[in-house]
Asks: 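If you scroll down you'll find the structure; I have some questions about it.
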Amino acid sequence: MQIMLRAIALVSVLGWIHPAGAAEENWPKSLTVATASPGGVYYVYGDAVAQLLTERLNITVNALPTQGPVHNVRLVQSGDVGLGLITMGVGLQAWKGAAEWTKQQQLRNIRALFPMYDTTFQFVVLRKSKFRALADMQGARVGVGPRAGTGGTYVPAMLKTLNVQAEIGNGSFADIATELVGGRFDAVILAGGAPFPAFRETESKEPLEFISLLPAEIQAVRTAMPELSLSRIPAGTYASLTADYETVGVYNFAIANANLPRSLAYAIVKTVHENHNELVKRHSAATETLAVNVEKNTFLPFHPGAVDYYREIGISVPKELVPSD
């Protein structure tokens, strides 16, 4: 945590909006992408994006480990970083000021850049565990990842909706997975792309069991949280997963501060989409990083530079998502 705070402080001191010898005169000389905890897909994906942009745009882009989407919204909103990765559920809460963490403030300095992938909720225990259903987790010790991450935000609310009383634990994805094997946690419920690097590492030591929600449980959580959608993780994504895994999920987008130069936002979006195959090589979650998936965003205005690119390739952005700025 101290390393993370020092990194954020350094970003704040250096700034990201002051141009200095970048590819275009009004571009900053460096950018930071707010990601999430090491061991999770956000960090790997964000680092891949950062490397790609550094290579293609003649600008240094760094991946910053954070606590996840809630933290990232705050960092982008304040201008402490230029780019961030978020789930659209957290984005909706921020835009409306509709969650406790927003303190009733509408956070509207954020703009959508490009779609990433579907975040799936993965309910996992060790195969040797006695748990085979969510109801078995009454009173269990459940790790959910960083407190301000998607799992830390959603999982407690999901369990409350389903009347499952569990002891919630927070920490980095890597630590949570390690502590599942070590016995500190009885179960882990993480939200992220698949495959989760931390789960891949865990199942090299112990086979995993993926707990499926019952249809009634899926209906209940989607009624309580309508931004959730049906999701599927294909068999073979993990060595332990021998059949398709049906769950729920929420889509992810990369966002930018509204003051990011328009030409830079355009260049970022163009670079990501036109180097799609390269991004997929770095992490398979990027398979869903497709321009057509802009339709997954129904409320957050796109950055004008992103709109320029999508219009250029013939993708229509709804009028209500085109900002006047």
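Please read all numbers here as calculations on a predicted model, not as lab measurements. Counting from 1, the numbers follow the sequence of the chain as shown.
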Asks: Less than 4.0 Å between a side-chain N and a carboxylate O, is that true for R282 and E55?
Replies: yes
Asks: Check for a donor-acceptor pair, side chain of D186 on one end and backbone N or O of R141 on the other, with a separation under 3.5 Å.
Replies: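 Side chain of D186 to backbone of R141, a donor-acceptor pair under 3.5 Å: yes, one is there.
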Asks: Does either side chain, that of Y42 or that of N72, offer a donor lying less than 3.5 Å from an acceptor on the other one?
Replies: no
Asks: Can a donor-acceptor pair be found, under 3.5 Å and without considering hydrogens, that links the side chain of D136 to the backbone of A133?
Replies: yes
Asks: In this structure, which one of V142, I176, T178 forms a side-chain contact (heavy atoms from CB on, under 4.5 Å) with F185?
Replies: I176
Asks: Got H303 and V269 here, is their nearest side-chain heavy-atom distance under 4.5 Å?
Replies: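 The answer is no, as the side chains (C-beta and beyond) never meet within the 4.5 Å cut-off.
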Asks: With ring-ring contact (aromatic ring centres under 6.0 Å, His included) as the test, would you mind laying out the steps for H273 and Y310 before giving the verdict?
Replies: CA-CA 10 Å; H273 288 307; Y310 292 125; 5.6 Å; yes
Asks: Okay, side chain of E209, backbone of V124: is any donor-acceptor separation there less than 3.5 Å?
Replies: no
Asks: At what distance, to the nearest 0.5 angstrom, does CG of L83 lie from CG of N62?
Replies: 11.0 Å
Asks: Is it the case that T237 and Y245 place a side-chain donor and acceptor less than 3.5 Å from each other?
Replies: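 Side-chain D/A pair, T237 to Y245: absent.
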Asks: Check the surroundings of atom CD in Q138: do more than 12 heavy atoms from other residues, nucleotides or ligands lie under 6.0 Å from it?
Replies: yes
Asks: Is a side-chain N or O of D244 found less than 3.5 angstrom from the main chain of P234, in a donor-acceptor match?
Replies: no
Asks: Between atom NE2 of H71 and atom OG1 of T153, what is the distance when rounded to the nearest 0.5 Å?
Replies: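 So the NE2 of H71 and the OG1 of T153 are separated by 12.0 Å.
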Asks: Calculate, to the nearest 0.5 Å, the distance between atoms CG and CG belonging to L31 and L260 respectively.
Replies: 6.0 Å
Asks: Taking all heavy atoms of V272 and all of T289, pick out the closest pair and write down the distance.
Replies: CG1-CG2, 3.8 Å
Asks: Could you walk me through whether T202 and F196 pass side-chain contact (heavy atoms from CB on, under 4.5 Å), step by step?
Replies: CA-CA 10 Å; T202 300; F196 231 109; over 6 Å; no
Asks: For side-chain contact (heavy atoms from CB on, under 4.5 Å), just list the numbers for F302 and Y309, CA-CA rounded to whole Å, side-chain angles, deciding distance to a tenth of an Å, and then say yes or no.
Replies: CA-CA 11 Å; F302 282 90; Y309 175 74; over 6 Å; no
Asks: Would you say T87's side chain and Y251's backbone share a donor-acceptor pair under 3.5 angstrom?
Replies: no
Asks: If we only count heavy atoms from C-beta on, is the F131 to F123 side-chain gap below 4.5 Å?
Replies: no
Asks: Carefully, step by step, assess L85 and N252 under the rule side-chain contact (heavy atoms from CB on, under 4.5 Å).
Replies: CA-CA 7 Å; L85 311 182; N252 300 272; over 6 Å; no
Asks: Taking atom CG of N259 and atom CG of N109, what is their separation to the nearest 0.5 Å?
Replies: 7.0 Å
Asks: Could you please spell out the steps behind the side-chain contact (heavy atoms from CB on, under 4.5 Å) verdict for V188 and F199?
Replies: CA-CA 10 Å; V188 169; F199 282 164; 3.9 Å; yes
Asks: Does L113 share a hydrophobic cluster with L300, counting links as ILVMFWY side-chain heavy atoms below 4.5 Å and allowing steps through other members?
Replies: yes
Asks: Between F121 and V250, which heavy-atom pair has the shortest distance, and what is it?
Replies: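 Residues F121 and V250, closest heavy atoms: CE1-CG1, 4.4 Å.
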Asks: Using the rule side-chain hydrogen bond (donor to acceptor under 3.5 Å, both in side chains), only one of R56, K281, K270 pairs with N275; which is it?
Replies: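 Single pass found, and it is R56.
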Asks: Could you measure the distance from the CD atom of E179 to the CG atom of D175? Nearest 0.5 Å is fine.
Replies: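 E179 atom CD to D175 atom CG measures 5.5 Å (nearest 0.5 Å).
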Asks: Using a 6.0 Å cut-off, check whether atom CD of Q104 has over 12 heavy atoms from anything other than its own residue.
Replies: no
Asks: Do L52 and V49 share a hydrophobic cluster (ILVMFWY, side-chain heavy atoms under 4.5 Å, transitive)?
Replies: yes
Asks: Would you sort out whether F210 and Y238 count as a ring-ring contact (aromatic ring centres under 6.0 Å, His included), showing the intermediate values?
Replies: CA-CA 10 Å; F210 286 76; Y238 299 98; 5.1 Å; yes
Asks: Verify the cluster assignment for L230 and L213: are they in a single hydrophobic cluster under the rule of side-chain heavy atoms below 4.5 Å apart?
Replies: yes
Asks: Looking only at heavy atoms, what is the nearest atom pair of S78 and L75, with distance?
Replies: OG-O, 3.0 Å
Asks: Quick one, T32 and D80 - any side-chain contact, counting heavy atoms below 4.5 Å?
Replies: no
Asks: Which heavy-atom pair separates E206 from L126 by the least distance, and what is that distance?
Replies: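 So the two residues come closest at CB-CD2, 3.9 Å.
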Asks: Please evaluate residues F173 and Y43 with respect to the criterion ring-ring contact (aromatic ring centres under 6.0 Å, His included), reporting the C-alpha separation (whole Å), side-chain torsions for both, the decisive distance (0.1 Å), and the verdict.
Replies: CA-CA 10 Å; F173 296 126; Y43 184 77; over 10 Å; no
Asks: Is there a path of hydrophobic side-chain contacts, each under 4.5 Å between heavy atoms of I/L/V/M/F/W/Y residues, joining V44 to L190?
Replies: no
Asks: Does L241 share a hydrophobic cluster with I189, counting links as ILVMFWY side-chain heavy atoms below 4.5 Å and allowing steps through other members?
Replies: yes
Asks: Can you find a heavy atom in the side chain of R111 that is under 4.5 Å from one in the side chain of P323?
Replies: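 The answer is yes, as the side chains (C-beta and beyond) meet within the 4.5 Å cut-off.
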Asks: Tell me the closest heavy-atom pair linking P146 and S37, and the distance in Å.
Replies: CG-CB, 3.6 Å
Asks: Could you list the residues that satisfy side-chain hydrogen bond (donor to acceptor under 3.5 Å, both in side chains) with T120, not counting sequence neighbours?
Replies: Q122
Asks: Quick one: does any side-chain atom of N293 pair with a main-chain N or O of E288 as donor and acceptor, under 3.5 Å?
Replies: yes
Asks: Answer whether the closest heavy-atom distance between the side chains of Y45 and Y117 falls below 4.5 Å.
Replies: yes
Asks: Would you say E201 and S204 make side-chain contact, with heavy atoms under 4.5 Å?
Replies: yes
Asks: Looking at R147 and V144, would you say the former's side chain and the latter's main chain have a donor-acceptor pair under 3.5 Å?
Replies: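 No, the answer is negative, given that no donor and acceptor are paired below the 3.5 Å cut-off.
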Asks: Any heavy-atom pair between the side chains of P28 and I59 that's under 4.5 Å?
Replies: yes
Asks: Report, one line per pair, each donor and acceptor closer than 3.5 Å where one atom sits in a side chain of residues 312-322; sequence neighbours left out.
Replies:
{"residue": "E312", "atom": "OE1", "partner": "Y266", "partner atom": "OH", "Å": "2.8"}
{"residue": "E312", "atom": "OE2", "partner": "Y266", "partner atom": "OH", "Å": "2.9"}

Asks: What do you reckon, is CZ of R232 surrounded by more than 12 foreign heavy atoms closer than 6.0 Å?
Replies: no
Asks: Under 4.5 Å between any side-chain heavy atoms of D118 and K296, yes or no?
Replies: no
Asks: Quick check: closest heavy atoms across P301 and F299, and the distance to 0.1 Å?
Replies: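 Closest heavy-atom pair between P301 and F299: CD-O, 3.5 Å.
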Asks: How many angstroms lie between atom CG of L279 and atom CD of E274, to the nearest 0.5 angstrom?
Replies: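 Going from CG on L279 over to CD on E274, the span is 13.5 Å.
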Asks: My understanding is that only residues two or more places apart in sequence, or in another chain, count here; which of them pass side-chain hydrogen bond (donor to acceptor under 3.5 Å, both in side chains) with Q93?
Replies: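 In terms of side-chain hydrogen bond (donor to acceptor under 3.5 Å, both in side chains), with neighbours along the sequence ignored, Q93 is linked to W101.
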